[in-house]
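Only one structure is covered here, and it is reproduced in the block below.
Atoms within a ligand are numbered from 1 in the order they appear, just like the ligands themselves.
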Amino acid sequence: MIANDLTAEAFRQAMGRFATGVTVVTTIDSGQPFGLTVNAFCSVSLDPLLVLVSLQQSSQTLTCIDKSGCFAVNVLAAHQQPLAVRFASRDRRDKIFSDIPHHRGAQLRDIALFDEALACVECRVADRYPGGDHVLLLGQVMAVEYSRQAEASAPLLFYCSAFQGVQAKVMTPAKEVRTQEV
Ligand SMILES: Cc1cc2nc3c(=O)[nH]c(=O)nc-3n(C[C@H](O)[C@H](O)[C@H](O)COP(=O)(O)O)c2cc1C
């Protein structure tokens, strides 16, 4: 292990050791779909159903979400890495959806969902909290959809500041592991 002074870079390096999935958070901007790449996403509560995303204060998408009051989280598969790169841009020309297979949300009809995402979570903003240079958005889940072939699909991962893919294999489900441990 490397001990470091507590700098922003050391913090970034340490946090980079926590592997995450990658999502594109979409919303609506003047009638057009808009979005950004996000890995700061987690589920929060089952009752009620809540998720959390953390967006930098300077995010253009955050401004759109503040206006629309809703967003969707698209969980990316490994083959969607180009979308993760595209939506990490601030250039609005990269955020055109015309060449991306997408459909409208079941509950939030204005929000675009990627057809090939592993899962999509439609949310209304339930709460908004300051988080340093980020804003934490608590989303009340309005609808979910997920790929039935998830076990055959590789998820897109982000680890040590780089995209990674893993081949999804059916391993012991966590529920069974917990049962075995008891
Ligand atoms: C893998 C990856 C994960 C990211 N995760 C986040 C995140 O969780 N929150 C965030 O605000 N920005 C995140 N970003 C950066 C934004 O996608 C990027 O700043 C984008 O340009 C913001 O677009 P916007 O200003 O149009 O909303 C991430 C970028 C990458 C490549």
Examine ligand 1 and decide if any of its atoms is less than 4.0 Å from a heavy atom belonging to Ser89.
-> yes
For atom 4 (C) of ligand 1, grab the closest protein heavy atom and report residue, atom and distance to one decimal in Å.
-> Thr37 O, 3.5 Å
Is the Phe97 ring parallel, tilted or perpendicular to the Phe114 ring (thresholds 30°, 60°)?
-> tilted
Which ligand 1 atoms are under 4.0 Å away from a heavy-atom of Arg90?
-> 21 (O), 25 (O)
To which protein heavy atom is atom 23 (O) of ligand 1 closest, and what is the distance rounded to 0.1 Å?
-> Lys95 NZ, 3.0 Å
Where does Ser54 meet ligand 1, judged by heavy-atom distances below 4.0 Å: at the side chain, the backbone, both, or neither?
-> backbone
Where do Asp66 and Arg128 land on the salt bridge (charged side-chain N to carboxylate O under 4.0 Å, His left out) test, with the steps shown first?
-> CA-CA 9 Å; Asp66 282 339; Arg128 189 187 194 280; 2.8 Å; yes
Enumerate the atoms of ligand 1 whose separation from the nearest heavy atom of Phe34 is less than 4.0 angstrom.
-> 26 (O)
Between the main-chain N or O of Ile96 and the side-chain N or O of Arg86, is there a donor-acceptor pair closer than 3.5 Å?
-> yes
Answer yes or no: is there a side-chain heavy-atom contact under 4.5 Å between Val135 and Leu137?
-> yes
Looking only at protein heavy atoms, what sits closest to atom 22 (C) of ligand 1 is Leu36 CD1, 3.7 Å
For ligand 1, which atoms sit closer than 4.0 Å to a heavy atom of Thr61?
-> 24 (P), 26 (O), 27 (O)
For ligand 1, which atoms, with element, lie under 4.0 Å from some heavy atom of Phe158?
-> 1 (C)
Does some non-hydrogen atom of Phe41 fall short of 4.0 Å from ligand 1?
-> no
Among protein heavy atoms, which sits nearest to atom 11 (O) of ligand 1, and what does the distance come to when rounded to 0.1 Å?
-> Gln56 N, 2.8 Å
Look at atom 21 (O) of ligand 1 and say which protein heavy atom is nearest, naming residue and atom and giving the distance to 0.1 Å.
-> Ala88 O, 2.8 Å
Supply the atom-to-atom distance Ile28 CD1 to Thr61 OG1, rounded to the nearest 0.5 angstrom.
-> 12.0 Å
Donor-acceptor pair, side chain of Asp91 and main chain of Arg93, under 3.5 angstrom = yes
Are any side-chain N or O atoms of Lys95 and backbone N or O atoms of Ser89, one a donor and one an acceptor, separated by less than 3.5 Å?
-> yes
Verify, without hydrogens or angle tests, whether Glu116 (side chain) and Gln80 (backbone) share a donor-acceptor contact under 3.5 angstrom.
-> no
Kindly indicate whether the side chain of Ile65, heavy atoms from C-beta on, has any atom under 4.5 Å from the side chain of Val53.
-> no
Might you confirm whether atom CZ of Phe11 has over 12 heavy atoms from other residues, nucleotides or ligands at distances under 6.0 Å?
-> no
Which ligand 1 atoms, with their elements, are less than 4.0 angstrom from a heavy-atom of Leu55?
-> 11 (O)
Specify the protein heavy atom at minimum distance from atom 8 (O) of ligand 1: its residue, its atom name, and the distance to 0.1 Å.
-> Ala40 N, 3.0 Å
Tell me, please: is Arg92 in heavy-atom contact with ligand 1, that is, under 4.0 Å?
-> no
